[in-house]
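Side chains included, hydrogens not; waters and symmetry mates left out as well; all remaining heavy atoms used.
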Amino acid sequence: MKSQIKHVVAKGETVFQIAKKYEVTPFDIYRLNPDAKNGVKENTTLLIPKTTSSKALVHVVAEKETLYGISKKYNVSVSDLENWNKAILQNGLKKGQEIFVSKPSAEELKSISSAIVSRPKVDVNATTHLVVAKETKYGIATQYGLTVTELEQLNPHIIGGLNVGQTVVLKPGVQIKKTSNTILVDYEVQPKETLYSLSKKFDIAQAELITLNPDIQDGLKIGMIIKVPSNGGIATLNSKVKDSVLSAKTKVNLLATVDKTQSKNMVLLLPFNLNKIETDSVKTKTEHLKTNKFLNLTLDFYAGAQMAIDSAKTLGLPVNVKVYDVESSKYSSNVATIISKNNFENVDVVIGPFQNSVIETTAQLLSKYDIPVISPLSKERGLPMNNLYYSIPSEDLMKVTLFNYFKEKQGNVVAVISSKKVTSKEYILENHPEVKHAVFNEKGALDVALLKTQLVKGQKNFVLMEIEKASTILNVTNILKGLQKEYDIQLAVFELYDALNFEEIPMTNLTDLKMVFPSITKVAETPEEKIFEKEFKKINNIYPNAAAKKGFDVTFDAMLRICQPEGFVNSAATTKTEYIENAFDYTSNNGMITNNATYLLYYDSDLTIKQAQ
């Protein structure tokens, strides 16, 4: 029996569609068809690994994974995942669960349902329940034969959301001695520690400690990381907080240590698509410049890169630079041809292309030479490779930057998240259970009375907002401005999303609340940065935009690093740098090398943007 089957690509088909059709992953197809990473063309024949059975695909849930993230990985919808895994997900998504990521058969569903039914039932006589990580109100209510409404009526304090470590009432009339809103932290088990000693150290019952850490019921082991309350044994806590500052490198000026004795080589792979422009009989070159946003992005980046190259020459850096035009589309590129027809063996660093799928191919093809390849503009992440460097910080890192600021200021955090922002809400619930959640009523209005109970007088209150409607943003910010008379409130957002820029939202609503947000770039303030802007305008007759500044910063940083005695790789691993608008602090996390340098900015009352201290 053949272990592979052949598939002829139909018009408009993508790798993800084909993978879904044959119940395999895109990675399986790329493994047998490496060129498919560049996209697939009509009538191309692909080798597809033959599945050994007709069983549905199963995915093992990793730590911090969400349904949204899994849906993107397998190119299915969240609603499909929820429908295929109703029984499995009745208590929420949990690490180690096996969930279906393709449609299961009736027999498979029946088997799963039977297994869940046969599990030991919870104590129906229980009067209270301790909330653990990733539990939902629906899951708890279902466990004990209640509806979510009944659970909320018994526990009005959970209407805005659950907090890990809370105790919820399951029976009418039950009194909770002390409602715990305790923040849980990671703790490393030390030699000779026991369940009894830990329960005394952290003022928590042994049973609750086991509930929070099911693995310890089989015995404690030295070095085990467990969840404990942050209010006990704080002086001796050996905490390993996941969201701590990710980089402790010292910022350096690489100009002071360049080696000018050895010639270096750099290649820029930029998607000008000149051949397409030359052969386009409909549009003139001028029309392309007016309408082609991607071309303009490339030209802006290249203008900044050219200034970096000119600066390097002035400084006497011995770097030879070659620029190749990458012709790329959604499904294909000529990058493999460029690499095969040119000698890359002595190249010290490559910058580009822009598209993540094409840059992955570039890094794979150049891995045999151990050439560092820098992704200059893409926010996407793909396969971890030891020669691929992402210069744009990840979206998760931006969130970490914001929450680190909250912790540093010892702030009380309240999230005001609309129902459509599922990903943001899942991230907060999974990673920051201490955050309180404001709610909207059935008419879409913010429950101000509940919000006031969640704010704390005499403490910094960060209100983290993510709302897609400008009218709702206007309403919420007006409410927060009114509450500033009683509370110290600062508005926060994960990013400057489009809805914040609507004309109906007065800028003063954001400046009065000193809206803070994480950013990949800083505000140019130094004399050197101002000189760069003037020189750029003199050459290009226009002030540099973000793409031009990124072009300068990425290129200049790469040139300086390859001219270090230790080379690019060791320099990137040990030093942090900063230029016009961008800093670079490359760190490897599970094989993914990404830039961990971020900034925190805020809208000030003088209508300027400043860096938060």
(message) I'd like to know whether Y543 forms a ring pair (Phe, Tyr, Trp, His ring centres under 6.0 Å) with F536, so could you lay out the CA-CA distance, the side-chain angles of the two residues, the decisive distance to 0.1 Å, and finally the verdict.
(response) CA-CA 6 Å; Y543 280 108; F536 188 94; 8.9 Å; no
(request) Step by step, work out the side-chain contact (heavy atoms from CB on, under 4.5 Å) result for L377 and L297. (result) CA-CA 10 Å; L377 297 177; L297 175 70; 4.0 Å; yes
(request) Evaluate the criterion side-chain contact (heavy atoms from CB on, under 4.5 Å) for residue pair T401 and Y599; output intermediate values, then yes/no. (result) CA-CA 8 Å; T401 300; Y599 298 93; over 6 Å; no
(message) side-chain contact (heavy atoms from CB on, under 4.5 Å) for N43 and V9? Distances and angles first, verdict last.
(response) CA-CA 5 Å; N43 296 324; V9 179; over 6 Å; no
(request) Before giving the answer on side-chain contact (heavy atoms from CB on, under 4.5 Å), spell out for N320 and M266 the whole-Å C-alpha distance, their side-chain angles and the decisive distance to 0.1 Å. (result) CA-CA 6 Å; N320 302 309; M266 181 173 76; over 6 Å; no
(request) List the steps and the verdict of ring pair (Phe, Tyr, Trp, His ring centres under 6.0 Å) for Y302 and F272. (result) CA-CA 10 Å; Y302 180 60; F272 294 107; 5.6 Å; yes
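What you find for S375 and I359 is that their closest heavy atoms are CA-CD1, 3.1 Å. Nearest heavy-atom pair, Q564 versus S571, reported as atom, atom and distance to 0.1 Å: CG-OG, 4.0 Å. Of all the heavy atoms in G352 and T362, the pair that sits closest is O-CG2, 4.3 Å. The minimum heavy-atom distance between L480 and L491, with the atom names listed, is CD1-CD1, 3.9 Å. When every heavy atom of P271 is checked against every heavy atom of D325, the shortest pair comes out as C-OD1, 4.0 Å. The shortest non-hydrogen separation linking I392 to T594 is O-OG1, 3.7 Å.
Residue T477 forms a side-chain hydrogen bond (donor to acceptor under 3.5 Å, both in side chains) with just one option from N509, T472, T508, and that option is N509.
Within the 4.5 Å cutoff, side-chain heavy atoms of I520 are placed close to those of M398. Counting only heavy atoms from C-beta outward, the side chains of T598 and K522 never approach each other to under 4.5 Å. A 4.5 Å side-chain heavy-atom check between N582 and K550 finds at least one atom pair inside the cut-off. Looking at P518 and F494, their side chains never come closer than 4.5 Å, going by heavy atoms from C-beta outward. In this structure the side chain of C563 reaches within 4.5 angstrom of the side chain of V319, judged on heavy atoms. Side-chain contact between T361 and S333 is absent, with no heavy atoms from C-beta onward closer than 4.5 Å. The shortest side-chain heavy-atom distance between M385 and E360 falls under the 4.5 Å cut-off. Looking at heavy atoms from C-beta onward, V569 lies in side-chain contact with P372 at the 4.5 angstrom threshold.
Rounding to the nearest 0.5 angstrom, the gap separating the CG atom in L317 from the CD1 atom in I562 is 8.5 Å. One finds the CG atom of N596 at 10.0 Å from the OG atom of S588 (value rounded to the nearest 0.5 Å). Rounding to the nearest 0.5 Å places NZ of K576 at 9.0 Å from CG of N595. Atom OG of S519 is separated from atom CG of L600 by 9.0 Å, given to the nearest 0.5 angstrom. For the atom pair CD1 (I417) and OG1 (T423), the distance works out to 11.0 Å, reported to the nearest 0.5 Å. In this structure, OG1 in T574 is found 5.5 Å from CD in E566, a value given to the nearest 0.5 Å.
Distance alone, capped at 3.5 Å, is enough to place a donor-acceptor pair between the Y497 side chain and the I467 backbone. Side-chain atoms of T44 come within 3.5 Å of backbone atoms of K41 as a donor-acceptor pair (strictly under, hydrogens ignored). Listed for the N33 side chain is no donor-acceptor partner under 3.5 Å among the backbone atoms of L46. One N or O on the side chain of D259 and one on the backbone of T261 form a donor-acceptor pair closer than 3.5 Å. Listed for the S340 side chain is a donor-acceptor partner under 3.5 Å among the backbone atoms of T337. N334 places a side-chain N or O within 3.5 Å of a backbone atom of E327 that can act as its donor or acceptor partner. Side chain of S367 to backbone of Q364: a donor-acceptor contact under 3.5 angstrom is found.
With sequence neighbours left out, I539 forms a side chain to side chain contact (heavy atoms under 4.5 Å, CB included) with M307. Residues passing the side chain to side chain contact (heavy atoms under 4.5 Å, CB included) test with K514 are Q490, Y602, D604, S605, sequence neighbours excluded. Every salt bridge (Lys or Arg N to Asp or Glu O under 4.0 Å) that K549 has, sequence neighbours left out, goes to E533, E581. Legend: residues meeting ring-ring contact (aromatic ring centres under 6.0 Å, His included) with F354, ordered by chain and number and at least two apart, are F301. Qualifying salt bridge (Lys or Arg N to Asp or Glu O under 4.0 Å) partners for K341, counting only residues two or more places apart in sequence or in other chains: none. Residues satisfying the side chain to side chain contact (heavy atoms under 4.5 Å, CB included) test with I371, not counting sequence neighbours, are F344, V347, V350, L366, Y369. For E468, there are no salt bridge (Lys or Arg N to Asp or Glu O under 4.0 Å) partners, not counting sequence neighbours. Considering only residues two or more places apart in sequence or on other chains, F462 meets the ring-ring contact (aromatic ring centres under 6.0 Å, His included) condition with Y405, F406. Scored by the side chain to side chain contact (heavy atoms under 4.5 Å, CB included) test, V523 finds E525, L601, I609 as partners (sequence neighbours excluded). Evaluation of the ring-ring contact (aromatic ring centres under 6.0 Å, His included) rule for F517 yields Y603 as partners, not counting sequence neighbours.
In this structure, F403 and H432 have parallel ring planes: the angle between them is below the 30° cut-off, well short of the 60° mark.
Within 6.0 Å of NZ in K420 there are 12 or fewer heavy atoms belonging to other residues, nucleotides or ligands. Atom CD of E504 has more than 12 heavy atoms from other residues, nucleotides or ligands within 6.0 Å.
Residue pairs meeting the side chain to side chain donor-acceptor pair (under 3.5 Å) criterion with at least one partner in residues 386-399, sequence neighbours excluded, are N356-Y390. Among residues at least two apart or in separate chains, side chain to side chain donor-acceptor pair (under 3.5 Å) pairs with a member in residues 342-354 are Y324-N342.
A side-chain donor-acceptor contact under 3.5 Å links D310 and Q306. Between the side chains of T608 and K610, at least one donor N or O sits under 3.5 Å from an acceptor N or O. At a cut-off of 3.5 Å, with distance as the only test, a side-chain donor of T577 or D557 sits close to an acceptor on the other residue.
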